[in-house]
Participant: 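Have a look at this one.
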Amino acid sequence: MTSLFSPLTVGAVQLSNRVVMAPLTRMRATPGVDVPNALMAEYYRQRAGAGLIVTEGTQISPIGKGYFDTPGIYNDEQVEGWKLITDAVHAAGGTIAAQLWHVGRVSHESFHDGALPVSASALPYRNRATIKGADGSPQRVDCPTPRALSIEEIKATVEDYARAARNAREAGFDLVEIHAAHGYLLHQFLSTASNQRDDEYGGSQENRARFVLEAVDAIIDAWSADRVGIRISPQGTFNGLADDDLEMALFLAAEFKKRGLAFVHLSEPDWAGGPKLEDSFRKELRAAYDGPIFGAGAYDLAKAERLLDADLIDAAAFGRSFIANPDLPLRLRTGAELNEPIPATFYGGGEAGYTDYPALAD
Ligand code: PHB
């Protein structure tokens, strides 16, 4: 039986346990410049007991942004800001991966001086861009119909991913995680619901996967395959891409195996109201990809232990419970009671609901 509290090798990195902090959008980067700051460093330092922290999605370019005050990883000031965080996590004995994010069409022209967000095709997704309301609180608004990326722009975006990976390395991260899930840009290329291109980036499964794999390859070239993982969300319904098929996930998994990627992070559909993943699919994924698999989505200790025992995952990622419990691994290990998360303070704001959840030792 594999314990959640036993070590795990993930590419070039040793995790001290298998409790992963899931990537969580918190929207507390410095406004206007999207630079990570000391408050964020304190939040992540508090959670360094995780075997691995995966940061909140961090945009690889200005056009990759779709929520206010999310951090970027495309310029020097942002790299300096991230160093505060990686230093704090490492000093506390933790390891940390930067999640590389491009939201594609899940955005709003107000983030881009009036310019349209970009996607695979000019097909809209409604009701999800998150702008700052007049009182500073998050407001969900319709996303405009995006502009389809040209082939030259796809190549330039691949370069943006590579730059972001170089920046992550420079900022002291242990790993990067490519966000190819949840209806954001890479997923918009994978799914027929959002990709109706008739060039080499649309149509067949292979064509729809081309952009993801070009981004993967560029990031590997920029750093090293044993530093690169990826997040996918087969059957996920979040952000409107309900048609996503398991075949694509298995095709991708085989490609990730060929490349020796450090991990695959499976965001399971039930966290956002989708179906439960079948164990039969988990077994197929295991067969297709030979590295560590992280499961995420509505995990508690029992779900994590069941899937670890069945050898269907190697680590379990916790989201909302990590928001509310900075010392979550300790609480899970000792059976301590958990603090309840407070959704009203998930997005934006300051310390309240961010760095003020109590740890057991407090
Ligand atoms: C969110 O802000 O709710 C969010 C962001 C990125 C994700 C999923 C959810 O991948």
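Just so you know, ligand 1 is whichever comes first in the structure, and atom 1 is the first atom listed for that ligand.
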Participant: Hey, does W271 come in under 3.5 Å of ligand 1, counting only N/O atoms on both sides?
Facilitator: no
Participant: Can you find an N or O of W101 that's nearer than 3.5 Å to an N or O of ligand 1?
Facilitator: no
Participant: So, for W101 and Y161, is the gap between ring centers shorter than 6.0 Å?
Facilitator: no
Participant: Can you report which non-hydrogen protein atom sits closest to atom 2 (O) of ligand 1, along with the distance?
Facilitator: Y347 OH, 3.1 Å
Participant: Taking the six-membered ring of Y44 (Phe, Tyr or Trp), confirm whether the NZ or CZ of R28 is under 6.0 Å from its centre and within 45° of its axis.
Facilitator: no
Participant: Check whether F318 and Y354 end up in the same hydrophobic cluster, where Ile, Leu, Val, Met, Phe, Trp and Tyr are linked by side-chain heavy atoms less than 4.5 Å apart.
Facilitator: yes
Participant: Using a 4.0 Å cutoff against the non-hydrogen atoms of H179, which atoms of ligand 1 qualify?
Facilitator: 7 (C), 10 (O)
Participant: Taking C-beta and beyond as the side chain, do R18 and F5 meet within less than 4.5 Å on heavy atoms?
Facilitator: no
Participant: Give me the nearest non-hydrogen protein atom to atom 6 (C) of ligand 1 as residue plus atom name, then the distance to 0.1 Å.
Facilitator: Y184 OH, 3.3 Å
Participant: Can a side-chain donor-acceptor contact be found between E268 and Y299 if the only test is distance below 3.5 angstrom?
Facilitator: yes
Participant: Evaluate side chain to side chain contact (heavy atoms under 4.5 Å, CB included) for V141 paired with H108, printing each intermediate quantity in order.
Facilitator: CA-CA 8 Å; V141 292; H108 194 258; 3.6 Å; yes
Participant: Return yes or no for this condition: an N or O of R231 is under 3.5 Å from an N or O of ligand 1.
Facilitator: no
Participant: Who's closest to atom 5 (C) of ligand 1 heavy-atom-wise, of T25, V103, T130?
Facilitator: T25
Participant: What's the shortest distance from atom 10 (O) of ligand 1 to any protein heavy atom, and which residue and atom give it?
Facilitator: H182 ND1, 2.5 Å
